[in-house]
Amino acid sequence: MSRAERVAAAAPVLWEDHRLGMAEMGYRGLSEQWLMRRAGDLHWRLIAAAMGQDRAQFACADGRPLYAAFCATRLRLFQPGRPRLGDRLRLEGELSRIGASRLASRQSLRLGDDEIGRIELVSVFVGHDDPARNRSVVRRAPRVMAVPPAAPAALALLARQAARIAAAPPRIEPSHHLLPCPATEFNAAGLLYFPSFAALVERADFARGASAQRLLVERRTVYMGNVDPGETVGIGFRPARGGHLAQLAGPDGRPLALMRSRFHAA
């Protein structure tokens, strides 16, 4: 990894307000796909603000493009049944650092004065060695690296736990194989978009009989790899208290992600 110029930065805080309509709401409660896409965008804008940039576009010293890819995410919904069509939701995030190379944001979901949920995101900069292959994604340092204040203890712990899992993931035999669609599940960097991992797990879980009436309470994801368009994703499940543990794997069996989900029963 090349060395980056390091620039001290105050912890930037950004927020955005949303009137909840059909785009923001799902079959039961908030749309997780909409919410995590908004949270990811807010995370990238926080990084850009810390680096003094107007746009969330990053590059390494030689000018090659970089992406702030997620190592770990955690979504917690304290009142999953609370949001309603027409409500005004505020998403507010603050940036921090974990070690020398990772940046993290903690984002609060608010309806009025009430915090109804929280999202935590941990990212590292990556780039393609071969633009045509997502398996060639490697860590790289940006031209300038923001150095905001250290992350809170709970967020640093989430990152350490994710690193331990990524170093020695469990093996769960796939029971379902799905083919992601480039038009709907990949992003502009050519990568399987991080919210799409949960969408694939939900599709596989519903196919094996999961209730459509349940409400998501918590989802923790450790990301370990990616696939190219045209490659299938294997998904296996293991029961866990209040929900399940799901593993996503590439067509050659290499682990892509491990996901722990908890639900409120219908």
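With respect to the salt-bridge test (charged N to carboxylate O, under 4.0 angstrom), the residues R219 and E32 qualify. Ion pair R37/D41 not flagged as a salt bridge, since none of the NZ, NE, NH1 or NH2 atoms sits closer than 4.0 Å to an Asp/Glu carboxylate oxygen.
Legend: residues meeting salt bridge (charged side-chain N to carboxylate O under 4.0 Å, His left out) with R76, ordered by chain and number and at least two apart, are E120.
Between the R118 side chain and the S108 main chain, no donor and acceptor come within less than 3.5 Å of each other.
F78 and G117 get closest at one heavy-atom pair: CD1-N, 3.6 Å. Of all heavy-atom pairs between L42 and G93, the closest is CD2-N, 3.8 Å. In terms of heavy-atom proximity, P180 sits nearest to E231 at CD-O, 3.4 Å. Across all non-hydrogen atoms, the minimal contact from Q33 to P195 is NE2-O, 2.7 Å.
Using cut-offs of 30° and 60° for the angle between ring planes, the H244 and F263 rings count as tilted.
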Q.
I'd like to know whether H43 forms a side chain to side chain donor-acceptor pair (under 3.5 Å) with S105, so could you lay out the CA-CA distance, the side-chain angles of the two residues, the decisive distance to 0.1 Å, and finally the verdict.
A. CA-CA 6 Å; H43 180 90; S105 67; 2.8 Å; yes
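Screening F70, F197, Y193 against Y223 for a ring-ring contact (aromatic ring centres under 6.0 Å, His included) leaves a single residue, F197. A side chain to side chain contact (heavy atoms under 4.5 Å, CB included) with L200 is found for exactly one of L179, D205, I235, namely I235.
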